[in-house]
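Per chain, numbering begins at 1; letters A, B, ... match sequence-line order.
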Amino acid sequence: MPAEPPIPEPKSLHFIEEIVEADLASGKHGGRVLTRFPPEPNGYLHIGHAKSICLNFGLAAKYGGATNLRFDDTNPVKEDVEYVDSIREDVRWLGFGWKGEHYASDYFQFLYDYAEYLVQQGKAYVCDLSEAEIREYRGNFHVPGKASPYRDRAPEENLDLFRRMKAGEFPDGSKVLRAKIDMASGNMNLRDPLMYRIRRAHHHRTGDAWLIYPMYDYAHGVSDAIETITHSICTLEFEDHRPLYDWFLEQDVEGRFFQRPLPRQIEFARLNLTYTVMSKRRLLLLVQEGHVKAWDDPRMPTISGLRRRGYTPESVRAFAERVGVAKRDTVIDVGLLEFAIREDLERKAPRAMAVLRPLRLVIENMAEGEVHWLTLPNHPDDPAFGTRQVPFAREVLIERDDFREEAPKKWFRLAPGAEVRLKGACLVRCTEVVRDAAGEVVELRCTWDPASLGGDAPDGRKVKGTLHWVSAAHAVPAEVRLYDRLFTAEDPMDVPEGGDWRDTLNPDSLEVLAGARVEPSLAEVAPGTRVQFERLGYFCADPDGRPGAPVFNRTVGLKDSWAKLEAKG
RNA sequence: UGGGGAGUAGCCAAGUGGUAAGGCAGCAGGUUUUGAUCCUGCGUACCGAGGGUUCGAAUCCUUCCUCCCCAACCA
């Protein structure tokens, strides 16, 4: 009897996939799936955007569709080409290619024409109320709004006024175009929302061609419809904008501007991560106030920051996959992100040895000038990584943390009289501790067992500790930057009365180790190269490095069960 | 006159009337020339609470509670 084939676990669909599959089944869009990723170019993308990018591009790819990249550039005072460029780079880095690259500003004429149509239909009007008056007339959650005195202007007058707004006859802020919907709606978005404001601002793409700019609620749905987007995915806070999204598209009853089926807005919960902030506004403040060096500071949750930190696109995508897609407000443990990069780098990163805080170890029974060139594997489990030559000599550097004068319980590393293995080299026993005048340990004297060259003793004796090391004479000086979480609070926004979210910034989020030493094979490492420093973690060569003077960022440490054990006492 | 959402283990998340998947974290053990990796095992989750319908409810009905979003000429 042949063995039953393993039953493939059908991966359950998330709610958006269910919607798409239902649409596919009903033939709503003729089998088409077209999503869009629509950032406003007013800042750098962060890990939260990565979730959205993976969702939009991933969904389209899964169902044989495509995704447009659309810049939602309707507010010229906040936007800049610098951001457009970084967004394109980040999406590409994540591994996605877009079908169309569009700009809401490409649709300014269409939006204007459709707005004129709505004016003519009596569905939009020019309002002369001031900003403060509009707010006052809008009422609040408990009080219905009241009609603007300009609400019943005749369509012809509105059209004339709207055209003159466009022509620049009125000063900024003096008039707006409003949709005429329902001033008594429980949904504030429907209380005659603004469609256009007058703004004499230079736009990064249209220059000074326009003096009036459309608002998000008006422009977004129309842009989706122009591109014949099938599923318009956005975050939860837009849930009560959906009726407005639909309203703007539904007013075109004759199909002069749009054809059915119209795009459908679907909302999902945005990503939140512990120990960081995730709004463009606050990330911008971190940069502006100098809490971090730049948008791509490796401590930042930006895509460019993660990239510089050493994260792989695959790990970010795997992370996005693991967090899921749902409608609950959630906060993901940053540990899950760390897991994702460790998991990826475990099999991808070649190994090497580096010593962060060196302590000299002299092998007394080895001759001066004696050098053993060891052939070490670049990966413990994957021969495809090949091998490299590593010099081993009388004076080596080991990690300061790997020596204790008084060994605690379960201490496997070096201590006076103890024997450990130098990884890939040999067994050494500590015979003497050398101190300076201040009593500081400056050197360890050891003896080695020449028979153990390679790492094992022929007599079969075991040591529990294996240390990484570099040859003092051959090692290359390097700068190593260690990063810790940017904030000390799991939720930096959860501040006590009178506090500020910046109060919990971690003063020790960056530690620069100027005196580190790496093995010679790393001397001319190219920026962006990822490597595991054995027993320390995964590191990535920073662009600040130069040939012979590399700089490494610690992407993430290895799991450290000794530290955990010791912490428990 | 309020409207819109959401509640399943520490964190996520399946489940769509038939008796609670999976991942991360954590714990225990095994392997190991990285205290890494890898492998094995470990959770009575009273499914926000109370009522109800049903032979049977996380799933249906109902009342209540809690949390999130909305009153920018931002997106």
Classify A:A326 by what it touches in the nucleic acid, base, sugar-phosphate, or nothing, heavy-atom distance under 4.0 Å. sugar-phosphate

Phosphate oxygens OP1/OP2 of B:A13: is one of them under 4.0 Å from a side-chain N or O of A:S12? no

Between B:G35 and A:W562, is there a base-stacking contact, meaning the centre of the base's six-membered ring lies under 5.5 Å from the residue's ring centre while the planes stay under 30° apart? yes

Answer syn or anti for B:A72, where the cut-off is 90° from 0 on the glycosidic torsion. syn

Per atom distances to the A:K327 side chain, the nearest of B:A6, B:U37, B:G4 is B:A6

Can you figure out which of B:A75, B:U1, B:G35 approaches the side chain of A:S561 most closely? B:G35

Nearest-nucleotide 5' precedence on RNA chain B, A:M215 against A:I332: A:I332

Taking the side chain of A:E239 as its heavy atoms from C-beta onward, which of B:C73, B:G5, B:C74 lies nearest to it? B:G5

Taking atom P in both B:C24 and B:A36, compute the distance separating them and give it to the nearest angstrom. 16 Å

What's the gap between B:G51 and B:U59 when it is taken at their P atoms, as a whole Å value? 14 Å

Could you check whether A:N75 gets within reach of a base, just the sugar-phosphate, or nothing at all, counting any heavy atom under 4.0 Å? sugar-phosphate

Same-atom distance (C1') from B:C46 to B:G50, integer angstrom: 14 Å

For A:E40, report the nucleic acid contact type (base, sugar-phosphate, nothing); a contact means any heavy atom under 4.0 Å. sugar-phosphate

Pick the P atom in B:C67 and in B:C73, then give their distance to the nearest Å. 29 Å

Mutual orientation of the aromatic rings belonging to A:H46 and A:H49 [parallel < 30°, tilted 30-60°, perpendicular > 60°]: tilted

Looking at A:Y103, I'd like to know if the NZ or CZ of A:R205 sits under 6.0 Å from its six-membered ring centre while staying within 45 degrees of the ring's axis. yes

Applying a 4.0 Å non-hydrogen cut-off, can you work out what A:Q532 is touching in the nucleic acid: base, sugar-phosphate, or nothing? base

Establish whether the base of B:G35 is bridged to the side chain of A:R413 by a donor-acceptor pair shorter than 3.5 Å. yes

Please measure how far the C1' atom in B:C64 lies from the corresponding atom in B:G7, and state the result in whole Å. 14 Å

Gap between atoms CG and C1', on A:D240 and B:A6 respectively (whole Å): 14 Å

Using the P atom in both, what is the distance from B:A58 to B:G48, to the nearest Å? 10 Å

Which nucleotide sits closest to the side chain of A:H241: B:C74, B:A75, B:U34? B:A75

Pairing partner (Watson-Crick or G-U wobble, both distances under 3.5 angstrom) of B:C46: none

Using a 4.0 Å heavy-atom cut-off, does A:W469 contact any base of the nucleic acid, only the sugar-phosphate backbone, or nothing at all? nothing

Taking atom P of B:A36 as reference, at what distance in whole Å does atom CG of A:D402 sit? 14 Å

What is the nucleic acid contact for A:N140, judged by heavy atoms within less than 4.0 Å: base, sugar-phosphate only, or nothing? base

Rounding to a whole Å, what distance do you find between A:L284:CG and B:C74:C1'? 14 Å

Could you check whether A:F141 and the base of B:G3 form a stacked pair, meaning centres closer than 5.5 Å and planes differing by less than 30°? no

So what does A:V77 touch, heavy atoms closer than 4.0 Å: a base, only the sugar-phosphate, or nothing? nothing

With under 30° as parallel and over 60° as perpendicular, where do the rings of A:F539 and A:F552 fit, or are they tilted in between? perpendicular

Can you measure A:K559 atom NZ to B:C38 atom P for me and round it to whole angstrom units? 8 Å

Taking all non-hydrogen atoms of both residues, which atom of A:S86 and which atom of A:Y44 are closest, and how far apart? CB-CE2, 3.3 Å

Roughly how many Å apart are B:U16 and B:G23, using the C1' atom of each and rounding to a whole number? 22 Å

B:A45 to B:A20 separation - C1' atoms, rounded to the nearest Å: 8 Å

Whether the side chain of A:D560 and the base of B:G35 hold a donor-acceptor pair under 3.5 Å is what I'd like checked. no

Describe the nucleic acid contact of A:E18 in one word from base, sugar-phosphate, nothing, applying a heavy-atom distance below 4.0 Å. base

Looking at A:R404 and A:E566, is any side-chain nitrogen of the basic one under 4.0 Å from a carboxylate oxygen of the acidic one? yes

What is the ring orientation for A:H102 with A:Y107, classed by angle as parallel under 30°, tilted 30 to 60°, or perpendicular over 60°? tilted

Presence of A:K564 side-chain N/O under 4.0 Å of B:G26 phosphate oxygens OP1/OP2: yes

Taking OP1 and OP2 of B:A75, is either one under 4.0 Å from a side-chain nitrogen or oxygen of A:T74? yes

Starting at atom NE2 of A:H142, determine the distance to atom P of B:C70, rounded to an integer number of angstrom. 15 Å

For A:L194, which contact category applies under a 4.0 Å heavy-atom criterion: base, sugar-phosphate, or nothing? base

Ring geometry between A:F487 and A:W501 (parallel below 30°, tilted from 30 to 60°, perpendicular above 60°): tilted

What is the nucleic acid contact for A:P38, judged by heavy atoms within less than 4.0 Å: base, sugar-phosphate only, or nothing? nothing

Is the cationic atom of A:K166 (NZ for Lys, CZ for Arg) positioned less than 6.0 Å from the six-membered ring centroid of A:W210 and within 45 degrees of its normal? yes

With a non-hydrogen cut-off below 4.0 angstrom, is A:D333 in contact with a base, only sugar-phosphate, or nothing? sugar-phosphate

Of the candidates B:C24, B:G35, B:A71, the side chain of A:M188 sits closest to B:A71

The Watson-Crick or G-U wobble partner of B:A6, with both key distances under 3.5 Å, is B:U66

Given B:A36, B:C73, B:U1, the nucleotide with the shortest approach to the side chain of A:L558: B:A36

Is A:R535 near enough to B:G35 that one of its side-chain N or O atoms lies under 4.0 angstrom from OP1 or OP2? yes

Taking the side chain of A:E346 as its heavy atoms from C-beta onward, which of B:U37, B:C73, B:A36 lies nearest to it? B:U37

Regarding A:V323, tell me which of base, sugar-phosphate or nothing describes its non-hydrogen contacts under 4.0 Å with the strands shown. sugar-phosphate

May I ask you to say what A:F412 touches in the nucleic acid, namely base, sugar-phosphate or nothing, with a heavy-atom cut-off under 4.0 Å? base

Under 4.0 Å from OP1 or OP2 of B:A13: is there any side-chain N or O of A:R322 that close? no

Might you point out which heavy atoms bring A:E490 and A:P492 nearest each other, and give the distance in Å? O-CD, 3.6 Å

Closest to the side chain of A:R199, out of B:A75, B:A36, B:C74, is B:C74

B:C68, B:U34, B:G2: which one has an atom nearest the side-chain heavy atoms of A:D329? B:C68

Atom CG of A:L13 and atom C1' of B:U16 are separated, to the nearest Å, by 12 Å

So, is A:R138 near the phosphate of B:C73, with a side-chain N or O under 4.0 Å from OP1 or OP2? yes

NA contact type, A:L129, heavy-atom cut-off 4.0 Å: base, sugar-phosphate, or nothing? base

What do the steps show when you test A:K327 against A:E239 for side-chain contact (heavy atoms from CB on, under 4.5 Å), and what is the final call? CA-CA 11 Å; A:K327 300 192 72 159; A:E239 257 170 335; 2.7 Å; yes

Can a side chain N or O of A:R135 be found less than 4.0 Å away from OP1 or OP2 on B:C73? no

Of A:E131 and A:R242, the one whose closest RNA chain B nucleotide lies more 5': A:R242

